[in-house]
J.: 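This is the structure I have questions about; it appears just below.
Each residue takes its place number in the sequence, starting with 1.
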Amino acid sequence: MVSGTFIGHNNRGQFIAEAKRHRDWESFCVREHPDGGYVLLVKQGSGFLPMRIHGGTQIAVSTTRDDGIAWDFVRAEDDEFF
């Protein structure tokens, strides 16, 4: 559903789709992962940190500058959502 909000992250490193305006810390950078797929990097201070899975169910900002996890993207057709 369209929410009119941006994906951002809170001060606990959790991703939320509640940002009313796009700010610097809601920026993403996509890089190819050496094992295939892509690493999603999130603006954190003057650098970027990778997105990771936290607790097996939530997307979070990594607390270290590790390699991150590889994400794959699949094209969704418009009629899948209606």
Side-chain angles (χ1 to χ4, degrees):
M1 301 280 303
V2 175
S3 66
T5 58
F6 294 94
I7 297 174
H9 56 89
N10 60 22
N11 59 1
R12 295 183 305 262
Q14 299 169 320
F15 284 90
I16 55 174
E18 299 174 359
K20 302 291 185 205
R21 294 185 291 164
H22 186 268
R23 301 208 173 135
D24 287 345
W25 59 87
E26 279 115 15
S27 296
F28 293 87
C29 177
V30 180
R31 299 234 170 102
E32 286 189 62
H33 192 279
D35 296 329
Y38 297 88
V39 175
L40 298 175
L41 301 166
V42 181
K43 181 80 170 153
Q44 184 72 26
S46 61
F48 287 88
L49 291 173
M51 291 173 67
R52 63 179 174 83
I53 301 296
H54 176 70
T57 59
Q58 293 186 355
I59 301 171
V61 179
S62 180
T63 55
T64 63
R65 295 187 187 281
D66 56 32
D67 289 339
I69 60 173
W71 299 83
D72 286 322
F73 294 93
V74 178
R75 180 177 298 272
E77 301 298 326
D78 289 341
D79 60 352
E80 292 181 36
F81 298 103
F82 300 103

J.: Could I get the full list of side chain to side chain contact (heavy atoms under 4.5 Å, CB included) partners for F28, not counting sequence neighbours?
T.: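 Once residues adjacent in sequence are excluded, the partners of F28 under the side chain to side chain contact (heavy atoms under 4.5 Å, CB included) criterion are I7, F15, V42, M51.
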J.: Do E32 and Y38 have side-chain heavy atoms sitting under 4.5 Å apart?
T.: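 Yes, side chains in contact.
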J.: Do L40 and V30 have side-chain heavy atoms sitting under 4.5 Å apart?
T.: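 SC-SC contact between L40 and V30 confirmed.
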J.: Can you find a pair of side-chain heavy atoms, one from F48 and one from V39, that are under 4.5 Å apart?
T.: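 When only atoms from C-beta onward are counted, V39 and F48 do not touch, as no gap falls below 4.5 Å.
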J.: What is the minimum heavy-atom distance between G36 and A70, and which atoms define it?
T.: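 That closest heavy-atom pairing would be O-CB, 3.2 Å.
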